[in-house]
Amino acid sequence: MQCAYYAANLCRSCTELPIAYNELLLAKERHCRGLLEAHGDNKWLASVRSEQAGFRNKAKMVVGGTIESPLLGFRNEHGDVVDLSDCPLYPAAMSDCFPRLAEFITLAGIEPYDLARRRGELKFLLLTHADHSGELMLRFVLRSQEALARIRKHLPQLRAALPGLRVISVNIQPEHKAVLEGEQEILLTDDAQLTMRLNGIPLHLRPRSFFQTNNCVAAALYAQVRKWTQTKAPASIWDLYCGAGGFALHVAGASRDVIGVESSLEAIDSAEQSRDELGLAHVRFDVADATAFALAAPRAPELVIVNPPRRGIGADLARWLDASATGTVIYSSCNAESLARDLAMMRSFRVASARLLDMFPHTRHYELLVLLERAPGRSA
């Protein structure tokens, strides 16, 4: 991929961009295989490749400059905002929005936040794109509500300029620290969610929902978990750290008992809406901490799916799974090193199959999906 920002040394977020894509993918494969080699003579499936440009569905743009000449991009090591409105990672449907958003900042008189001087209002613009519909969700991250009335006043002009905007909200983040968003979210549209559709499954995103940034690779991730689950044909499944319910909804069978667990009430509300639209009455979603839910459960399911944050599932859940009656675990990891640490505490399991999914091209990061089965003679 050619990138003018990288060539000019303005942005190095894609840290491995000079490395040929095939070479970088091989390096990622060597890395994850080395981490997993002690956990079973597993079958490695072909890696899922990513498009090299235009693959992102979300932009997190720092706002700098002035009201008259705003900049949308990222903050460099000197604290200056570098404009990234032509970043090749974004599809045209998103890149075309950035000039219109800059014009709106000027129209509504929203002062970009000055980090050094600790003054101004607009810290970030967060834009999410649903490629199947072309619809958009936009969030303004502000220091206070000072500009809220002006944003409301000029919203008709913004929506006329960007007719794909379905959800618009303001997030209030008053603190001067490296935190992307605050607790207060103010919805400015009648619509409260953006629908992403993967493999025919509707997944509803509300302003503070988490979603993978690479739709094509995420669809392959869900499809692989569904395939492994169909092969195992379990009667009961838990989807821990379920988010908006992607895995649970993909693996729900006609008579299969599926429970999704997530600590975010907003994500569970979205998952339940998708479940109801799909008529999956036997699928249940609970708002709970994944580890606390497992430790308090009277019995374990036949199969557990875990999709934790980068820190992994941790010692308590790993040891509970190891000692449980669960026969199969599917572990989706965005950090193979924490996955390896967790596997070291799950000695009753072996890695039966694994697949690297290149969710983050041009970096050393990747998604790793592993199928864990009870080792012979190691039943709980």
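No experiment lies behind these values; they were computed from the predicted model shown. We're numbering straight along the sequence, starting at 1.
- Of the N and O atoms on the side chains of D358 and Y21, at least one donor lies less than 3.5 Å from an acceptor on the other residue.
- Taking every heavy atom of both residues into account, N214 and M359 meet most closely at ND2-O, 3.3 Å.
- Inter-residue side-chain proximity for F285 and R275 is flagged as met; some heavy-atom pair is nearer than 4.5 Å.
- Here the CG atom belonging to N171 is positioned 8.0 Å from the CG atom belonging to L126, to the nearest 0.5 angstrom.
- A cation-pi arrangement is present between K123 and Y113, with the terminal nitrogen or guanidinium carbon under 6.0 Å from the aromatic centre and inside a 45° cone about the axis.
- Atom CG in L162 sits 4.5 Å away from atom SG in C97 (nearest 0.5 Å).
- Residues S338 and R311 bring no donor and acceptor atom of their side chains to less than 3.5 Å of each other.
- In this structure, T363 contributes its side chain and H365 its backbone to a donor-acceptor pair below 3.5 Å.
- Side-chain atoms of S348 and D322 include a donor-acceptor pair closer than 3.5 Å.
- With no hydrogens or angles considered, no side-chain donor-acceptor pair links H129 and E135 at under 3.5 Å.
- We find that E181 and R139 are joined by a salt bridge, their nearest charged nitrogen and carboxylate oxygen being less than 4.0 Å apart.
- Of the inter-residue distances, the one linking I168 atom CD1 with I151 atom CD1 reads 10.0 Å to the nearest 0.5 angstrom.
- No side-chain donor from either of N335 and R341 sits under 3.5 Å from a side-chain acceptor of the other.
- By the side chain to side chain contact (heavy atoms under 4.5 Å, CB included) test, C14 is found to be paired with L17, L89, H362, residues two or more places apart in sequence or in another chain being considered.
- When all heavy atoms are compared, the tightest approach of C334 to R310 is O-NH1, 2.8 Å.
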*Can you check side-chain contact (heavy atoms from CB on, under 4.5 Å) on I259 and D239, steps first, answer last?*
CA-CA 6 Å; I259 302 175; D239 176 11; over 6 Å; no

*Show the numbers, then the answer: is there a side chain to side chain donor-acceptor pair (under 3.5 Å) between T328 and E373?*
CA-CA 5 Å; T328 305; E373 298 175 339; 5.7 Å; no

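- With rounding to the nearest 0.5 angstrom, the CE atom of M137 is 4.5 Å from the OG1 atom of T128.
- For an aromatic pair to be called close, the ring centres must be under 6.0 Å apart, and Y90 with F98 satisfies this.
- R12 forms a cation-pi arrangement with Y6, by the criterion of a distance under 6.0 Å to the ring centre and an angle within 45° of the ring axis.
- Identified under the ring-ring contact (aromatic ring centres under 6.0 Å, His included) test for residues 237-258, with sequence neighbours left out: Y222-F247, Y222-H250, W238-F293, W238-W320.
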_Assess the residue pair D191 and R166 against the criterion (salt bridge (Lys or Arg N to Asp or Glu O under 4.0 Å)); give the C-alpha distance rounded to whole Å, side-chain angles, the decisive distance to 0.1 Å, and a yes or no._
CA-CA 6 Å; D191 293 309; R166 182 176 181 87; 3.5 Å; yes

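- A side-chain donor from one of S332 and E367 sits under 3.5 Å from a side-chain acceptor of the other.
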*asked:* Before you tell me yes or no, could you show the steps for R208 and E183 under salt bridge (Lys or Arg N to Asp or Glu O under 4.0 Å), namely the whole-Å CA-CA distance, both residues' side-chain angles and the distance that decides it to 0.1 Å?
replied: CA-CA 10 Å; R208 301 181 68 185; E183 294 297 322; 3.7 Å; yes

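- Here CZ of F124 is found 13.0 Å from CZ of F74. Values are rounded to the nearest 0.5 Å.
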